Amino acid sequence: MGGERLRGDRAAAPPGGADEEEAERRQRRPEEVARPVGLVEAEATAGRFGPAGCHGPARPPVRPSEAAPGPVPAPRPAPGAGAHAPVRRRAGTAGLAPEGGWRGGVPGAAAPGTGSKGARFLRRNKVAAMLDVLMPVTGVAALLLAAWCGWAAYRDQPTKDWHFIGMAVVTLLALVQLVVGIVLLARGEEPGQGTTIFVAYLLGSFACVPAAAFMSLAERTRWGSVTVAASGVVLAVLEVRLYDIWGG
Amino acid sequence: MAGTREEPGRTRLIGGPGLLLVWLYGVMVVGAVSRSAYQIATEFDRAPLAYTLSAVAGVVYGFITYTLVRGGETARRAALVCCAAELVGVLTVGTWTLVDPSAFPDATVWSDYGMGYLFIPVLLPLTAVYWLRRARTEQPAS
């Protein structure tokens, strides 16, 4: 395998000179890896560098999807150590790795309370988890609102006070989501598909329902209800997209 | 509201189903314009044709929204023409993306007949044309 050859080369190489540079370059390589898109890929990326201490890719870069059908071999080095630490850390800050350490990793290695760094990591993950919950909740609430207003339209009724309270609740959820999203960005998190798109969708999902609500205020027929129902469906779609954008 | 309704000689196009149309067109304006603006600003070289088409779609949507909100016979006719153009555009670009995917490294708003937008781009002009034609037949009565 290429990995063994690389390791052999390194062992045989005399210290200093061009080989030193080469070794340093390989050491840095994990940092140059593009941000992993998911837990599986992050693991595979880390595994690609072989066990800690072996610098440079053991195999040509393959995404798990390309490597199908065979399983991607992913050795699990101790968390916080070795050449793959940067890759794993990035997966962690993206909320991809579970809190408390790597999946199946050494128990207690990155447990909460092992210093301020670990505590900060956990706290950050909690905010990220909040967004993970808010997105589906807002989406489902939007669909419920759509069904409710759709029912009103079916019965040939305009939107009434209770409907507007419902719209306010959904809008509030979207507002909280907007704030949480901005807090995460301010903490240095980076959405998978880019900050600009993420913010645009956050703003869009916040404005979506209120805009329809104001329009239905002016239209006191069933069509006001239909419009609000449509806004609920659109918001649900926006939430799905937002989920993709955040997760990468 | 009363002011709009009592205005003589100007067909109100955003009443009833028109309201839903305006809202959906508004969504498409925001979607298409912001998307194309972002993509043209950041990665125009990747798929110039696709992003330009998205921008054109955004402009068309913007104009239709404006005419619907404005109301009146001239606006109604202009909106009809634009909706027809929009429909032709969706069908052309949709077919184009299916026949020659290599010309589109990235999707446009109208790719695959607007599949990425729940087919709203292809359903919207059909509904709008239907609504705008009905608005004319109703006008003499009101």
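Proteins come first, then strands; the chains are lettered A, B, ... in the order of their sequence lines, and each starts at number 1. This is a predicted model, so every value here is computed, not measured.
A distance of 8.5 Å separates CG in B:Leu21 from CH2 in A:Trp223, rounded to the nearest 0.5 Å.
Interface summary for chain A: among B:Leu24, B:Leu20, B:Thr42, the most heavy-atom pairs under 4.5 angstrom belong to B:Leu20.
Only the side chain of B:Leu118 comes within contact range of chain A, with heavy atoms under 4.5 Å apart. Contact annotation for A:Val234: only side-chain heavy atoms (C-beta onward) come within less than 4.5 Å of a heavy atom of chain B. If you measure heavy-atom distances from A:Ala211 to chain B, the contacts under 4.5 Å come from both the backbone and the side chain. Looking at A:Ala200, neither its backbone nor its side chain comes within 4.5 Å of chain B, counting heavy atoms on both sides. Contact annotation for B:Val30: neither backbone nor side-chain heavy atoms come within less than 4.5 Å of a heavy atom of chain A. Interface remark: A:Val237 contributes side-chain atoms only to the contact with chain B (heavy atom separation under 4.5 Å).
Listed here is the closest heavy atom pair of A:Gly224 and B:Leu19: CA-CD2, 4.0 Å.
A:Arg220 meets the salt bridge (charged side-chain N to carboxylate O under 4.0 Å, His left out) test with no other residue; sequence neighbours excluded.
Looking at A:Cys208 and B:Trp23, their side chains come closer than 4.5 Å, going by heavy atoms from C-beta outward.
Within the 3.5 Å criterion, the main-chain N or O of B:Gly15 finds no donor-acceptor partner in the side chain of A:Glu219.
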